Amino acid sequence: MSVAVQGSGPRTVVLMPGLGTPEPILGFAPLARRLAEQNTVVTVEPFGLGLSDGTDAPRTSEAIVDETRAALRELRLVGPYVLMPHSISGLYAMWWATNHPDEVAAVVGLDDERYTSDGAQDSPDWPRWMSGVNAVGGTRDLIALDKSTDYLGLVAGYRESLGASAEYTPEQQDLYLRAYSWVLNPTVLDEMARGAENVRAAEGAFFPPTLPAISFLAASSLEVEPEWESSHRAAISNPAIQQVTIMDGDHYLFHAQAGAIAEMTQQFLDAHAQTQ
């Protein structure tokens, strides 16, 4: 498993990427750099992403959390941890917080996922047959074509999000986008196929009332997912230390808003989360 560790602060912040993020260490870099000024920051590339190996283990919330926990133990980074999940990793952070509460000091979500009725619907069949397309280089060729033409619109959103940040060099943006040619590997495809299963596992889950938690939600996500905001508010059990904040931006809001997110995160942690 590929992991990057920065800083040496008293809190250990664990950055957890969204589904199919091709280069998590690169994508989180501006945010991680700022957080590392006062914290120990760990960016995890789960199996199937970035430079990590693949695995045949089923991509359930439990398995992904246990693998991440094992990596942190191997690095001798002891909890409790501040979990900072993006997108689907919100489901994994919720699993972690409810099944191993003593290991979690706080959760800071980045447009992170919760249970929604739409997400709980059966996943599409295409991830199961996409492995055949990958085997003959089909995904690589489609991404290469789209990268130069935007004909299919597969990477246009990511290019816009990275470009809006002004914190990624043209070479880094190119590397990030080219990485999409291998991200639909069997490990990630299995995670996609189990998406509804992992959403259903989070039904009715809420944060323990003693756990500080804040979610930074992208305004654009609220426009396309009617349950996005309400599902996050439903997970709150103690409004005194659990909050939802809506920010302008797209789903990868930490690309362009790394500075603001890092500052608000530090203020929240200093106010509500104890150091180790």
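On a predicted model such as this, the values are computed, not experimentally measured, just so you know. For the single chain, residues carry numbers from 1 onward in sequence order.
- For the atom pair CD (Gln243) and NE2 (His272), the distance works out to 5.0 Å, reported to the nearest 0.5 Å.
- Residues Val104 and Leu77 share a hydrophobic cluster, clusters being chains of Ile/Leu/Val/Met/Phe/Trp/Tyr side chains in contact below 4.5 Å.
- Looking at His251 and Ser220, their side chains never bring a donor and an acceptor atom within 3.5 Å of each other.
- Minimum interatomic distance between Glu225 and Asp118 (heavy atoms only, all atoms of both residues): OE1-OD2, 3.8 Å.
- With a 4.5 Å cut-off on side-chain heavy atoms, Tyr92 and Leu83 do not count as touching.
- Val41 and Met1 fall within the same hydrophobic cluster, where Ile, Leu, Val, Met, Phe, Trp and Tyr residues are linked whenever their side-chain heavy atoms come under 4.5 Å apart, directly or through other members.
- Side-chain contact between Glu45 and Ile25 is present, with at least one heavy-atom pair separated by less than 4.5 Å.
- Between Val14 and Val44 there is a side-chain heavy-atom pair separated by less than 4.5 Å.
- Residues Leu72 and Arg69 have side chains not in contact (no heavy-atom distance under 4.5 Å, counting atoms from C-beta outward).
- No donor-acceptor distance shorter than 3.5 angstrom exists from the side chain of Asn39 to the backbone of Thr12, with no hydrogens or angles considered.
- Remark: Met84 CE to Leu35 CG distance equals 5.0 Å, nearest 0.5 Å.
- Annotation: the span from Ile241 atom CD1 to Phe207 atom CZ amounts to 11.0 Å, rounded to 0.5 Å.
- Counting all heavy atoms, side chain and backbone alike, Ala273 lies closest to Ala106 at CB-CB, 4.2 Å.
- The environment of CG in Asp56 is sparse: at most 12 heavy-atom neighbours from other residues, nucleotides or ligands sit within 6.0 Å.
- In terms of modelled atom types and a separation under 3.5 Å, the side chain of Arg114 and the main chain of Ser230 share no donor-acceptor contact.
- Neither side chain, Trp95 nor Glu62, offers a donor N or O lying under 3.5 Å from an acceptor on the other.
- What you find for Thr43 and Pro24 is that their closest heavy atoms are CG2-O, 3.9 Å.
- Listed for the Ser52 side chain is no donor-acceptor partner under 3.5 Å among the backbone atoms of Gly48.
- Side-chain polar atoms of Asp111 and Trp228 form a donor-acceptor pair below 3.5 angstrom.
- The line from CG of Leu253 to CG of Leu217 is 8.5 Å long, rounded to the nearest 0.5 Å.
- Side-chain N or O atoms of Gln242 include none that pairs as donor or acceptor with a backbone N or O of Pro239 at under 3.5 Å.
- No donor-acceptor pair closer than 3.5 Å links the side chain of Asp112 to the backbone N or O of Gly90.
- Inter-residue side-chain proximity for His86 and Pro17 is flagged as unmet; no heavy-atom pair is nearer than 4.5 Å.
- Salt-bridge check for Glu167 with Arg34: passed, with a basic side-chain N closer than 4.0 Å to an acidic carboxylate O.
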*List the steps and the verdict of side chain to side chain contact (heavy atoms under 4.5 Å, CB included) for Leu269 and Val82.*
CA-CA 9 Å; Leu269 295 178; Val82 175; 4.0 Å; yes
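- Considering only heavy atoms from C-beta on, Val13 stays 4.5 Å or farther from Val42 through its side chain.
- Atom-to-atom distance recorded for Asn99:CG and Met94:CE is 11.0 Å, nearest 0.5 angstrom.
- No donor-acceptor pair closer than 3.5 Å links the side chain of Ser237 to the backbone N or O of Phe206.
- Residues Val5 and Leu15 are members of one and the same hydrophobic cluster, defined by side-chain heavy-atom contacts under 4.5 angstrom among Ile, Leu, Val, Met, Phe, Trp and Tyr.
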*Could you give me the CA-CA distance, side-chain angles and deciding distance for Phe254 and Phe216, then say whether side chain to side chain contact (heavy atoms under 4.5 Å, CB included) is met?*
CA-CA 9 Å; Phe254 55 89; Phe216 299 108; over 6 Å; no
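- In this structure, the side chains of Glu67 and Arg59 come closer than 4.5 Å at one or more pairs of heavy atoms.
- Residue Glu191 holds its CD atom at 11.5 Å from CD of Glu197, rounded to the nearest 0.5 Å.
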*asked:* Please evaluate residues Met16 and Thr68 with respect to the criterion side chain to side chain contact (heavy atoms under 4.5 Å, CB included), reporting the C-alpha separation (whole Å), side-chain torsions for both, the decisive distance (0.1 Å), and the verdict.
replied: CA-CA 9 Å; Met16 305 166 65; Thr68 304; 5.5 Å; no
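- Between the Ser215 side chain and the Val244 main chain, no donor and acceptor come within less than 3.5 Å of each other.
- One hydrophobic cluster, built from ILVMFWY side chains closer than 4.5 Å, holds both Leu110 and Met264.
- The existence of a salt bridge linking Arg73 and Asp66 is excluded, since no basic side-chain nitrogen approaches an acidic carboxylate oxygen closer than 4.0 Å.
- Between Pro226 and Val224, the shortest heavy-atom contact is CD-O, 3.7 Å.
- Judged purely by atom type and a 3.5 angstrom limit, Arg200 uses its side chain to pair as donor or acceptor with the backbone of Ala120.
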_Derivation and outcome, side chain to side chain contact (heavy atoms under 4.5 Å, CB included), residues Glu37 and Gln6_ = CA-CA 9 Å; Glu37 293 175 3; Gln6 299 169 258; over 6 Å; no
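- Note on Leu51 and Leu75: separate hydrophobic clusters, where clusters join Ile, Leu, Val, Met, Phe, Trp and Tyr whose side-chain heavy atoms are under 4.5 Å apart, directly or indirectly.
- Between Val107 and Pro85 the shortest side-chain heavy-atom distance falls below 4.5 Å.
- Heavy-atom minimum distance, Ala97 versus Leu211: CB-CD2, 3.8 Å.
- No donor-acceptor pair under 3.5 Å is formed between the side chain of His232 and the backbone N or O of Thr245.
- With Glu227 contributing its side chain and Ser117 its backbone, the two residues share a donor-acceptor pair below 3.5 Å.
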